[in-house]
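Below: one structure, written as structure tokens.
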Amino acid sequence: MSEDGTHSISYLLDSNTPPKPVEIPVVEALILDLVDKISELRRLEVDLERHRAILSPIRRIPREVLGHVFTFLHPYEREEKVRNAVGRKGLLQLSRVCKLWRDAALVTHELWAGLQIQPRHTLESLKSVETWLSQAGSLPRRMQYQGWNLRDGEASTNLSRQSCSCGNPNAWPRREPGQCLLATSVMPQLLTNGPRLDHLTLMCSSTVCLGKFLDAMDALRQKNTAAGPRPWDTLRSLSIKFRSTHLQMEGQVGPTFVGHLERLPIVESLEVHIPSPFEDSDFDTSHLELNILPNRIERLTTLYMCCPWRGPQLLKLLPHCCNLETLTINFGNCGSPLWNMDDHPLVQHYTASPIVLPKLRTLRTRMGRNLDLLYLLKAPQLVNFDIGMFRIAKVSEDALLLPVANFLDQSGSTRNISTFQLRACHIDAEGLFSIISNLTALTNLTLDDVKVEMDSLWNMFKGHDHAAAHGGNELSFSNLEKLEILKLPPGYQLDPIVDYIKERGPSLKFQLVASYNIPEQRVMKEEDIRQTLRFTRSGVQTSVIPYVKNLYYL
């Protein structure tokens, strides 16, 4: 018997002896007592965790900080900060976790400032679109219309709304004449009576779509003539991208381009992507006109023009760019718009008296097979020069070196260039050295996917620096802060660049960044470079960044 008078069963716990009939009720009572104690402990554990949660660091994070973390939520649509269907779903899921997270999302206006619209968003979506954008507060709002096809897994039971056949009579599925996904979407209403926008991107199936869209907005405006300025008219930045172009016959003039670009609003930043009018490469595009009005061009500070036509179209626009600060010219699949056009009156005129871009500070070229256009330009205030070529073969001296040298010389900007970038180019080491060595004010140098004999190039700089040291002159790159050597071929060692840096001595202080044109670089590890440079006390910061596949230079 135990002290409390109950029968002791301790001997049963340490043996396999069967309990006596009188002991069974005792064991059952003890089991019930232990179960109750365990349940109480579990309740205490829950209370313990709830009390610990009160002191959790995440609870004490200000909602503004939590909201900033949310801004890293992806995906954004390409380089534009607009949230597509997947991004919107992810943001809404975050805001439903708890009240703190919801408050953090709502006070972070940046999360709601960019929105992608697709053809499925018709007039019935107007209220939800306006509600979404209203969460952006006073921040500039960005919108993108992606009208080429449905993406992001957005299923549509209406097959007629999965693509637009404007300008394409052979498109499937067939539609009634005049039907246009852009014109029948929510976009005309938004751009007429919706909230104010800062930037708009229109990805149109055809140039016909833009015309029908503008007509739809004009019709809405006629119904409400007392309304104030439309969001379309107060845009600060506009990007228009066409998937196909539309030509029409005009008597003896022949085919003419109908892009409705003369109806664009006055903006500060303009981006226009024009595709080839025909697949037939023999079609003469030299007489086609873009028809962007001079008063639109004169107000621009930023212009991105992708025009794959052979002809002087740019020469008719650039003389009006008196306030332009940033210019990007993408030659598309043409590459050489002025090829064999030396006899054209505009080419002859601007060869004798180049077009002056008085405020231009940044000039970018993309997909160029030659840069003859540079012979016709002057940019005395240029500080950032970014050249992207069409790398199919080694560029000739006439295609790159001479136009660049002539442009810098007649602009008088050789000693002003602080940033120089060369991309997608196969070039002789001597030619590249002749360009770079004259840019004495460089602070940033980038060679991105450039095929060149690196050993020869850096040996030339070694020789140049030895001569400069004996002559009391400055070394190359005396002001350089960042050197980027990107998309190096597999198997290439960075030794020539590292050796050059070592020979320069401890006075050289800049950042070296490298990447390899393979998913994983196993050639020369970042730590190996740092160890090599550490002994020379060069002060150079080194990083080998991950491989990034980039087929199209922006």
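By convention here, the first residue in the shown sequence is residue 1.
- For Lys487 and Asp448, the salt-bridge test passes: some basic side-chain N is under 4.0 Å from an acidic carboxylate O.
- With respect to Arg221 and Asp233, no salt bridge is recorded, no charged nitrogen being found less than 4.0 Å from a carboxylate O.
- Pairs engaging residues 187-223 under the ring-ring contact (aromatic ring centres under 6.0 Å, His included) rule: Phe213-Trp232 [sequence neighbours left out].
- Residues Leu447 and Met454 meet the side-chain proximity criterion, which asks for heavy atoms closer than 4.5 Å.
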- prompt: Could you walk me through whether Ser286 and Asp284 pass the side chain to side chain donor-acceptor pair (under 3.5 Å) check?
  reply: CA-CA 6 Å; Ser286 61; Asp284 183 15; 2.7 Å; yes
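- For Glu271 and His273, the side-chain atoms include at least one donor-acceptor pair closer than 3.5 Å.
- Between Pro337 and Leu314 there is no side-chain heavy-atom pair separated by less than 4.5 Å.
- Sparse packing is recorded around NE2 of His68, with 12 or fewer heavy atoms of other residues, nucleotides or ligands lying under 6.0 Å away.
- Counting only heavy atoms from C-beta outward, the side chains of Thr184 and Thr122 never approach each other to under 4.5 Å.
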Can you give each donor-acceptor pair under 3.5 Å made by side-chain atoms of residues 341-355, sequence neighbours left out, with the distance rounded to 0.1 Å?
| residue | atom | partner | partner atom | Å |
| --- | --- | --- | --- | --- |
| His344 | ND1 | Leu346 | N | 3.1 |
| Thr351 | OG1 | Val347 | O | 2.5 |

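- Side-chain atoms of Leu139 and Trp112, non-hydrogen and from C-beta on, never get closer than 4.5 Å to each other.
- Using a 4.5 Å cut-off on side-chain heavy atoms (C-beta onward), Ile387 and Phe420 make contact.
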message: For a side-chain contact (heavy atoms from CB on, under 4.5 Å) check, start with the C-alpha distance between Leu115 and Arg141, then their side-chain angles and the critical distance, and finish with the verdict.
response: CA-CA 8 Å; Leu115 185 61; Arg141 300 178 180 92; over 6 Å; no
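- Looking at heavy atoms from C-beta onward, Lys394 lies in side-chain contact with Asp428 at the 4.5 angstrom threshold.
- Within a 6.0 Å sphere centred on NZ of Lys316, other residues, nucleotides and ligands contribute more than 12 heavy atoms.
- Within the 3.5 Å criterion, the main-chain N or O of Thr328 finds no donor-acceptor partner in the side chain of Arg366.
- No more than 12 heavy atoms of other residues, nucleotides or ligands sit less than 6.0 Å from atom CZ of Arg361.
- Side-chain atoms of His121 come within 3.5 Å of backbone atoms of Gln118 as a donor-acceptor pair (strictly under, hydrogens ignored).
- With Gln421 as the fixed residue, the side chain to side chain contact (heavy atoms under 4.5 Å, CB included) test singles out one of Asn384, Asn444, Thr446: Thr446.
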Step-by-step side-chain contact (heavy atoms from CB on, under 4.5 Å) determination, Leu210 to Lys212: CA-CA 6 Å; Leu210 179 61; Lys212 293 183 178 180; over 6 Å; no
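- Ring orientation note: the planes of Phe461 and Phe477 are tilted relative to one another, at an angle of 30° to 60°.
- Residue Glu430 qualifies as open at atom CD: its count of foreign heavy atoms under 6.0 Å is 12 or below.
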Intermediate values then yes/no, side-chain contact (heavy atoms from CB on, under 4.5 Å), Tyr375 and Leu402: CA-CA 9 Å; Tyr375 284 115; Leu402 293 180; 3.3 Å; yes
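- Judged by distance alone, the side chain of Ser185 and the main-chain N or O of Pro119 form no donor-acceptor pair under 3.5 Å.
- Side-chain atoms of Arg423 do not come within 3.5 Å of backbone N or O of Asp386 as any donor-acceptor pair.
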message: Using side-chain contact (heavy atoms from CB on, under 4.5 Å), reason through Leu486 and Asp449 one step at a time and then give a plain yes or no.
response: CA-CA 6 Å; Leu486 307 178; Asp449 196 15; over 6 Å; no
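- Looking only at side-chain heavy atoms (C-beta outward), Leu483 and Ile497 come within less than 4.5 Å of each other.
- Applying the side-chain hydrogen bond (donor to acceptor under 3.5 Å, both in side chains) test to Asn416 and every residue at least two apart in sequence or in another chain returns nothing.
- Here the side chains of Arg296 and Leu238 are not in contact, with every heavy-atom distance at 4.5 Å or above.
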